[in-house]
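The shown structure was predicted, so the numbers you read here are calculated from the model rather than taken from an experiment. Residue numbers begin at 1 in each chain, while the letters A, B, ... track the order of the sequences.
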Number of protein chains: 2
Amino acid sequence: MSPTIKVLLAEDQSMVREALAALLGLEDDIEVVAQVARGDEVLTAVREHGVDVALLDIEMPGCTGIEAAAQVHKVLPAVKLVVLTTFGRPGYLRSAMEAGADAFLVKDAPAAQLAAAVRKVLAGERVIDPTLAAAALAEGANPLTEREREVLRAAADGSTNAELAAALHLSQGTVRNYLSTAIQKLAVRNRAEAVRTAREKGWL
Amino acid sequence: MSPTIKVLLAEDQSMVREALAALLGLEDDIEVVAQVARGDEVLTAVREHGVDVALLDIEMPGCTGIEAAAQVHKVLPAVKLVVLTTFGRPGYLRSAMEAGADAFLVKDAPAAQLAAAVRKVLAGERVIDPTLAAAALAEGANPLTEREREVLRAAADGSTNAELAAALHLSQGTVRNYLSTAIQKLAVRNRAEAVRTAREKGWL
DNA sequence: ACTGCCGGATGACAGATGTCATACGGCGAA
DNA sequence: TTCGCCGTATGACATCTGTCATCCGGCAGT
């Protein structure tokens with residue numbers, strides 16, 4: 001029989017992470033050789049443990065699972081990458097794919113798909129929910145410019161224009177211009193809705 | 001040896017739910033006899049399976065884990081209730097306790113605490129993170145009135161005053177008044193921040 | 001009976017926000 | 001090279017939001 005598949009688990013909530021480890025531990029051909037709770041610890045852990053497949057949550061402190069995926073893909077392209085997330089946002093799927101991910105799973109999929117995905121990516125397959133893929137393709141690319149995203153991100157907590165201007169070293173008028181164009185591109189009526197829909201689409 | 005502890009798991013994300021089941025399945029004295037993905041299925045499942053301990057996530061469709069806890073506590077007070085949540089919001093802890101919960105765990109606690117909590121509540125103990133308990137007591141009770149909460153909740157998605165007024169059958173001025181008092185009670189500067197901090201404290 | 005609080009409302013006002021026209025320098029594509 | 005887009009900025013304008021004073025009816029405590 002072939003040697004076991006070495007898996008790294010990156011997920012910030014320990015209880016979930018260890019539970020997933022228990023789940024994968026039930027599989028004979030899979031071994032969880034490393035667990036990390038932060039995105040910025042992924043690369044070194046992958047290196048140290050000779051990982052075959054990295055399972056990456058998106059929302060993590062340090063850096064996102066998508067950024068971690070990009071780092072790993074760049075220096076160790078042979079390592080297979082499975083992105084695992086709570087939110088099936090089309091924009092997330094798109095960025096995950098651009099970062100070199102081999103699979104994209106949402107956490108409300110059946111647990112059996114996790115081990116299945118690990119085996120499939122190792123066999124060279126890609127695993128993507130067809131519905132989500134369709135949604136990602138249907139909605140097109142992120143229409144926001146980098147600067148617009150930054151301003152929107154900064155505005156998300158309810159900061160005022162003056163605070164945004166100070167924080168981003170811009171004039172207050174410029175901040176309003178960016179928010180205005182973002183609002184128009186997203187076809188919404190104010191900054192709060194803009195933040196909301198940008199988040200929802202994974203564009204933020 | 002005593003019979004195994006019968007546990008119900010309520011959590012909407014299947015992957016997490018099944019992973020937690022796998023984790024608890026490793027314990028000899030614990031048996032997961034039921035799994036549900038919605039809050040409003042908890043009560044009947046508890047009844048049907050003669051559950052000893054119910055593990056309830058807060059964020060669920062149907063109704064929240066806290067509401068489900070209240071229902072179970074009312075009709076089957078002998079069933080022990082463990083509330084499990086992603087967010088350690090003091091207000092959540094408070095409402096969970098008021099709903100009759102015996103334990104309150106956050107998902108970024110170590111996985112070992114889950115089984116430990118199950119055993120402890122069955123032994124009549126209560127399990128609460130001391131830091132969180134302190135925070136819950138320190139910040140006092142929710143200062144918002146029911147109506148203020150409603151308006152704030154409705155305003156969370158970026159709706160304008162006119163829309164809020166229409167949705168809640170209020171005059172536009174009244175909506176503004178409620179938002180204004182909420183903003184003052186929360187000591188913030190606009191509705192977006194008010195929504196944010198109310199959420200954070202679990203007051204929404 | 002009186003006081004206070006809640007839900008609900010109005011009007012006036014100041015300040016924040018969103019829109020629009022316009023401008024300039026840089027940079028990449030045609 | 002010219003066109004278009006991005007980043008940045010200004011000023012003017014209309015509308016939205018937040019505050020405040022004030023009012024009413026109802027209901028719970030004292």
Side-chain angles (χ1 to χ4, degrees), chain A residues 91 94-95 98 139-204, chain B residues 91 94-95 98 139-204:
Chain A
R94 186 180 290 266
S95 350
E98 285 168 6
E139 89 177 358
N142 188 339
L144 303 173
T145 70
E146 172 57 25
R147 228 39 185 142
E148 286 160 358
R149 270 200 302 281
E150 271 178 61
V151 177
L152 216 46
R153 230 177 291 143
D157 64 357
S159 299
T160 128
N161 283 335
E163 292 168 332
L164 295 175
L168 301 168
H169 309 292
L170 291 173
S171 92
Q172 238 184 94
T174 306
V175 168
R176 292 200 302 198
N177 289 151
Y178 284 147
L179 286 172
S180 182
T181 59
I183 287 167
Q184 286 172 56
K185 284 180 179 177
L186 299 173
V188 293
R189 289 189 324 299
N190 56 50
R191 60 183 70 193
E193 283 192 349
V195 167
R196 197 173 172 280
T197 68
R199 274 244 176 81
E200 212 162 75
K201 304 230 184 195
W203 285 345
L204 209 127
Chain B
R94 184 180 290 266
S95 353
E98 285 168 6
E139 88 178 359
N142 188 339
L144 303 173
T145 70
E146 172 57 26
R147 234 28 191 149
E148 286 160 0
R149 269 200 304 280
E150 270 177 62
V151 176
L152 214 48
R153 230 177 291 144
D157 64 356
S159 298
T160 131
N161 282 335
E163 292 168 331
L164 295 176
L168 301 169
H169 308 292
L170 290 174
S171 93
Q172 239 185 93
T174 305
V175 168
R176 291 199 303 195
N177 288 338
Y178 284 145
L179 286 172
S180 182
T181 59
I183 287 166
Q184 286 173 53
K185 285 179 179 178
L186 299 173
V188 293
R189 290 193 319 302
N190 55 50
R191 62 183 69 193
E193 284 191 348
V195 168
R196 200 172 170 281
T197 69
R199 275 241 176 83
E200 213 161 73
K201 305 231 182 191
W203 285 345
L204 211 131

Q: Output the single nucleotide from D:dG18, D:dC20, C:dG18 whose closest atom is nearest the side chain of A:Asn190.
A: C:dG18
(Q) Side chains of B:Leu168 and B:Thr174, heavy atoms from C-beta outward: is any pair under 4.5 Å? (A) no
Q) Which sits closer to the 5' end of DNA chain D, B:Val188 or A:Gly173, going by the nucleotide each is nearest to? A) A:Gly173
**Q.** Ionic contact status for A:Glu146 with A:Arg149, cut-off 4.0 Å
**A.** yes
Q. Does the side chain of B:Ser171 get closer than 4.0 angstrom to OP1 or OP2 of C:dT10 through an N or O atom?
A. yes
Q | Under-4.0 Å side-chain N/O to phosphate OP1/OP2 contact, B:Thr145 with C:dG7 | A | yes
Q.
Measuring from atom CG of B:Asn161 to atom CZ of B:Arg191, what distance do you get when rounded to the nearest 0.5 angstrom?
A. 4.0 Å
Q) Rounded to the nearest Å, what distance is computed from the CD atom of residue A:Gln184 to the P atom of nucleotide D:dC5? A) 15 Å
Q: Return the value, rounded to whole Å, for the distance between atom CG of A:Asn177 and atom P of C:dC24.
A: 16 Å
(Q) If you take any heavy atom closer than 4.0 Å to DNA chain D, which residues from residues 155-162 of chain B end up in contact? (A) B:Thr160, B:Asn161
**Q.** Pairwise distance CD(A:Gln184) to CZ(A:Arg189) - rounded to 0.5 angstrom
**A.** 13.5 Å
Q: Would you mind reading off the distance between A:His169 atom NE2 and D:dA9 atom C1', rounded to a whole angstrom?
A: 17 Å
Q) Expressed in angstrom and rounded to an integer, what is the separation of B:Leu179 atom CG from D:dT19 atom P? A) 10 Å
(Q) Between C1' on D:dT10 and CZ on A:Arg176, what's the gap in Å once rounded to a whole number? (A) 10 Å
Q) How close do B:Glu148 and B:Thr181 get, heavy atom to heavy atom, and via which atoms? A) OE2-OG1, 3.0 Å
Q | A:Leu164 side, atom CG; A:Arg176 side, atom CZ - distance, nearest 0.5 Å | A | 12.0 Å
(Q) Rounding to 10°, can you tell me the angle the first-five-pair axis of the helix from C:dA1-D:dT30 to C:dA30-D:dT1 makes with its last-five-pair axis? (A) 30°
Q) Is it true that A:Arg147 and A:Glu150 make a salt bridge, defined as a side-chain N closer than 4.0 Å to a carboxylate O? A) yes
Q. Roughly, in whole Å, what's the span from OH in B:Tyr178 to P in C:dC5?
A. 15 Å
Q | Flag side-chain contact, heavy atom, 4.5 Å: B:Lys185 against B:Thr145 | A | yes
Q. Taking only N and O in the side chain of A:Arg147, is any of them less than 4.0 Å away from OP1 or OP2 of D:dT8?
A. yes
Q.
Expressed as a whole number of angstroms, how long is the span from A:Arg191:CZ to D:dC16:P?
A. 15 Å
Q | side-chain contact (heavy atoms from CB on, under 4.5 Å) partner of A:Leu144, chosen from A:Val151, A:Leu204, A:Leu152 | A | A:Leu152
Q.
Between C1' on C:dG18 and CZ on A:Arg189, what's the gap in Å once rounded to a whole number?
A. 12 Å
Q) Counting side-chain heavy atoms from CB outward, which of D:dT10, D:dG7, C:dT10 is closest to B:Thr174? A) C:dT10
